[in-house]
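Inspection log for the structure reproduced underneath, given as structure tokens.
Nothing fancy with the numbering, it's 1 onward along the sequence.
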Amino acid sequence: MDKLYADVIVDISQGKLDRTFQYEIPDELYHEIKIGSRVRIPFGKGQREITGYVTGISANPKVEESRIKKILGQSVQGVAVESKLIALAEWISTNYGSTMNQALKTVLPVKEKKKQKENRFLTLNFSRSEAEEFLEVCERKHYKAKARLVQALLMQPMLTYSEAIHTWKISGTVIKGLEDQKVITVERERIYRSPVLAEQQGGQKKILNAEQERIFLAVCKEWETSVPRPVLLHGVTGSGKTEVYMELIQKVLEEGKQVIVLIPEIALTYQTVKRFSKRFGSCVSFLHSRLSAGEKYDQFEQAKKGEISIVVGPRSALFTPFPDLGLIIIDEEHEPSYKSEKTPCYHAREVAIERGRMENAKIVMGSATPSVESYEKGKSGEYFLQTLSCRYENRALPKVYTIDMKQELKEGNRSIFSVLLKEKMEERLHRKEQVILFLNRRGYTGFISCRSCGHVMKCPHCDVSLTSHKNGQLICHYCGYSIPDVKNCPVCGSPYIGGFRAGTQQIEEQVQKFFPQARILRMDADTTRKKEDHEKILSAFAKGEADILVGTQMIVKGHDFPKVTLVGVLAADLSLNGTDYMAGERTFQLLTQAVGRAGRGCLPGEAVIQTYQPDHYSVQAAAAQDYEAFYEKEIGYRILMGYPPAKAMAMIRASCENQELLEQGIGYCRKYIEKIYKRQDLILVGPAPESVAKVQDLYRMVLYMRHSDRKILVKITELLEQYIQINKGFDKIHIQFDFI
Ligand code: ADP
Ligand code: ZN
Ligand code: ZN
């Protein structure tokens, strides 16, 4: 038997994760020790026994064999949650082509020691008379700072540490001195920086209707089988998926287990928080990506200790270290934000399913417009597919009109609103109902081009169009580069240079021009820079403080505005012209969601979709609210073209300051792959410049691989990674793998 060595981390805190120590695995533990195992090891000069976690196993000693100590044994106290997460990290690093260290940093709740917020309180340890005596002594001896602090504490029973420092200008040394003299006491109280709504009552529950109940029972039955499948809940907007989730959560909580609810960041609004808190009270906690690392760590600590049992949050909430995880819910499972853009480029849905498998937790995914991938698995029986076909109380889905904007132009209408949309808006304003105007894509906002020569104003660093802003600047949204607006075309000198398509700001101005009496709110990346901005705009609109809400993607998700009876979709097909194979799917999802915002209350809704491609199946299926029709067309296209889910796909993305070096490097990658994998069933596309070919002076290129078996792609990237590591030529090139 060859000797095996384990890499062991001894301290799970930021920055320490890459410090592993190698230990020899003793023969008797040869088969027992795995990645994630908690082990007892001798550590440091004194050979102190401590526990650590195994993060890697290999047959190669990194230092002289005689210097490697042996693992003493496995730690007996059950399987710690860290062990499970380390095993998950292992899976992530293999399946998404990242290093173990990158994966560990993603999954482990690492603490930043310094930042732990602690409130310290100062109180007098002396009796009043003792203190007064002491004060006199201080004054006599001119210990001014000491005197000041004692005086302050004679006036008020307690000071916070920061008050003492800032208000009373006392130094830390003086405080320490008085503490040592036993004049004062410094009490430390650890504050959990939890954003949970304090003391929410909970307990408010709704009675499921017949369809919801049927699905709830069907899922419970699936859960009784020996290996329950992930559940995919397909339900039109407003059908009550959330009510079904809550019922399932309740069931799992009653078994004493914990629950993770993933939602897209953008859907985490006050409404969602309130809804979950009303039902589950203070055992639910909320994570969002704007929490500081310290705040997140505190919440993870609470989860570990069992102080909370439900976490609602975006992608990263998936790694909440619950000791006995029972259920992971993934709402809006089709959302692109579930995919990480940073290495490891994991998909939360896939990782959730793996975590569920490892820890025996159930998975429930839901969407009104499931991803083509998930739906395909639902149809094949790999997932347990259930459909909620009606809106709650049979509220009607909105009536949808599709308008061909080419035709409008022919008939002499040059405005950004079709005749019908304008008419309907007027009607709503008259009836005091609300309108949502949705502009499909921010990227196209106020894009500046020359109508004489076609020159487009672009960022010299990033190769994307500059955007015109009200303050007279043209700005790059990738790197922030800006120049003053131009009056004449820098290429041909023509004065006919200007905005080509309307952005949200221009739409707002146009609406105001047509309907001067209308109260308008605008929601886009520019009006939501601060933490609270989203909430402010949405709640103002919900309270009826505006008639019309104009916005980008962020207004179409998850919000419930009962008084909205009209949704206008402007430029429905901008997203159809995207460069990737999912453009049709994204367009269908966005349009369906946008249309679904209308008529959610008692009043029936209508939607007007304006498009230059009225015949496209994504537009037509969205207008008909027909997911099946969309799916049939889309899966046909994917199979024909060999795109996921028909084939697995991986991207090799490379970036470098030097364009030549980059082209050469990625070219070598392709040659290497062709050398190691000779069969015809691998499709290689590229290398090609990325759709944004340059960001902050880094050139970017990408090479695509497609194969029906994902494992083959994983193997190829593993080998390619080794090849890159041993070849000096790649030193200046950054390579990232991305599985789709
Ligand atoms: P979805 O998550 O599918 O979009 P929701 O769960 O948000 O749907 O339900 C839409 C609306 O209908 C919500 O206001 C919700 O409170 C209400 N609703 C759904 N089911 C019920 C029910 N069984 N009892 C009372 N109200 C319900
Ligand atoms: Zn020009
Ligand atoms: Zn730029």
Exercise. With side chain to side chain contact (heavy atoms under 4.5 Å, CB included) as the test, would you mind laying out the steps for L233 and E333 before giving the verdict?
Key: CA-CA 10 Å; L233 192 52; E333 65 80 34; over 6 Å; no

Exercise. Any chance you could lay out the side chain to side chain donor-acceptor pair (under 3.5 Å) test for E718 and Q722, step after step, and finish with the verdict?
Key: CA-CA 7 Å; E718 267 172 30; Q722 288 166 15; 5.8 Å; no

Quiz item: Passes side chain to side chain contact (heavy atoms under 4.5 Å, CB included), I330 versus I328? Steps please.
Solution: CA-CA 7 Å; I330 310 164; I328 305 173; 4.3 Å; yes

Quiz prompt | Audit row: K379, Y375, side chain to side chain contact (heavy atoms under 4.5 Å, CB included) steps and yes/no | solution = CA-CA 6 Å; K379 289 205 129 185; Y375 202 71; 3.8 Å; yes

Practice problem: Determine, step by step, whether T99 and Q102 satisfy the side chain to side chain donor-acceptor pair (under 3.5 Å) criterion, reporting the C-alpha distance in whole Å, the side-chain angles of both residues, the deciding distance to 0.1 Å, and the verdict. | Solution: CA-CA 5 Å; T99 63; Q102 288 163 328; 3.2 Å; yes

Quiz item: Given the rule in the side chain to side chain donor-acceptor pair (under 3.5 Å) test, do Q302 and S285 qualify, once you have shown the distances and angles that lead to the verdict?
Solution: CA-CA 9 Å; Q302 284 181 298; S285 180; 5.1 Å; no

Practice problem: Starting from the C-alpha separation in whole Å, work towards a yes-or-no answer on side chain to side chain contact (heavy atoms under 4.5 Å, CB included) for L248 and W223. | Solution: CA-CA 11 Å; L248 292 167; W223 285 0; 3.8 Å; yes

Practice problem: Report the C-alpha distance between T94 and E90 in whole Å, list the side-chain angles of each, state the deciding distance to 0.1 Å, and finish with yes or no for side chain to side chain donor-acceptor pair (under 3.5 Å). | Solution: CA-CA 6 Å; T94 313; E90 199 318 24; 3.1 Å; yes

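Atoms CG and CD, from L108 and E82 in turn, are 7.0 Å apart once rounded to the nearest 0.5 Å. Here the straight-line distance linking atom SG of C669 with atom CD1 of I724 works out to 4.5 Å at 0.5 Å rounding. From K221, atom NZ reaches atom CZ of F384 across 8.5 Å, with rounding to the nearest 0.5 Å. Rounded to the nearest 0.5 angstrom, I308 CD1 and F286 CZ are separated by 10.0 Å. Taken to the nearest 0.5 Å, the CD1 atom of I41 stands 12.5 Å off from the CZ atom of R38. Put simply, CD1 on I249 and CD1 on I329 are 4.0 Å apart, with the number rounded to the nearest 0.5 Å.
With sequence neighbours left out, R706 forms a salt bridge (Lys or Arg N to Asp or Glu O under 4.0 Å) with no residue at all. In this view, E674 and R670 satisfy the salt bridge (Lys or Arg N to Asp or Glu O under 4.0 Å) rule, not counting sequence neighbours. The side-chain contact (heavy atoms from CB on, under 4.5 Å) check on K377 picks up E382, Y383, with sequence neighbours excluded. With sequence neighbours excluded, no residue forms a salt bridge (Lys or Arg N to Asp or Glu O under 4.0 Å) with K70.
Judged by distance alone, the side chain of K84 and the main-chain N or O of P323 form a donor-acceptor pair under 3.5 Å. For the pair Q258 (side chain) and D324 (backbone), a donor-acceptor distance under 3.5 Å is present. Remark: the backbone N or O of G36 is paired with a side-chain donor or acceptor of S83 at under 3.5 angstrom. Under a 3.5 Å cut-off, the side chain of R638 and the backbone N or O of P644 do form a donor-acceptor pair. Between the side chain of E222 and the backbone N or O of R229 there is at least one donor-acceptor pair closer than 3.5 Å. With S374 contributing its side chain and P370 its backbone, the two residues share no donor-acceptor pair below 3.5 Å. Side-chain N or O atoms of Q593 include none that pairs as donor or acceptor with a backbone N or O of L590 at under 3.5 Å. Checking side-chain atoms of R710 against main-chain N and O of N95 turns up a donor-acceptor pair under 3.5 Å. One N or O on the side chain of Q22 and one on the backbone of K62 form a donor-acceptor pair closer than 3.5 Å. A distance-only check finds no donor-acceptor pair linking the side chain of S37 to the backbone of V39 [under 3.5 Å].
Between V351 and W91, the closest side-chain pair of non-hydrogen atoms falls below 4.5 Å. Contact annotation: the side chain of L388 never approaches that of V236 to less than 4.5 Å [non-hydrogen atoms, C-beta and beyond]. Annotation: side chain of Y23 is not in contact with side chain of V54 (no heavy-atom distance under 4.5 Å). In this structure, the side chains of I33 and I71 come closer than 4.5 Å at one or more pairs of heavy atoms. Counting heavy atoms from C-beta outward, M100 and L104 have side chains that approach closer than 4.5 Å. Counting only heavy atoms from C-beta outward, the side chains of E634 and F588 never approach each other to under 4.5 Å. A heavy-atom distance below 4.5 Å is not found between the side chains of L208 and I215. When side chains are defined from C-beta on, I716 counts as touching L682, because their heavy atoms get closer than 4.5 Å.
Shortest non-hydrogen contact noted between E24 and Y5 is CA-CD2, 3.9 Å. Considering every non-hydrogen atom in both L85 and P321, the closest pair reads CD1-CB, 4.0 Å. Across all their heavy atoms, I666 and I652 have their closest contact at CD1-O, 3.8 Å. Counting all heavy atoms, side chain and backbone alike, F739 lies closest to G97 at CE1-N, 4.1 Å. Nearest heavy-atom pair, P645 versus I635, reported as atom, atom and distance to 0.1 Å: CG-CD1, 3.8 Å. Among all heavy-atom pairs drawn from C345 and F737, the shortest one is SG-O, 3.8 Å.
The side chain to side chain donor-acceptor pair (under 3.5 Å) test with S371 is passed by exactly one of H334, E585, R349, E376: R349. Each of K257, K362, R355 was checked for a side-chain contact (heavy atoms from CB on, under 4.5 Å) with L325, and the lone residue meeting it is R355.
The aromatic rings of H347 and Y338 sit tilted relative to each other, their planes meeting at an angle between 30° and 60°. Between H707 and Y677, the ring planes are perpendicular. Angles over 60° get that label, and only those under 30° would be called parallel.
Under the 4.0 Å criterion applied to side-chain N and carboxylate O atoms, K304 and E301 are assigned as salt-bridge partners. Taking 4.0 Å as the cut-off between side-chain N and carboxylate O, E354 and R357 count as a salt-bridged pair.
The list of side chain to side chain donor-acceptor pair (under 3.5 Å) pairs with a residue in residues 238-249, not counting sequence neighbours, reads K205-E247, E243-R275, Y245-D331, E247-R279.
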Name each donor-acceptor pair under 3.5 Å that joins a side chain in residues 309-319 to protein atoms two or more places apart or in another chain, with its distance.
unit_1: R315; atom_1: NH1; unit_2: S337; atom_2: O; d: 3.0
unit_1: R315; atom_1: NH1; unit_2: K339; atom_2: O; d: 3.0
unit_1: S316; atom_1: OG; unit_2: K296; atom_2: NZ; d: 3.3

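Neither side chain, R586 nor S618, offers a donor N or O lying under 3.5 Å from an acceptor on the other.
Under a cut-off of 6.0 angstrom, the local environment of CD in E341 is sparse, with at most 12 non-hydrogen atoms contributed by other residues, nucleotides or ligands.
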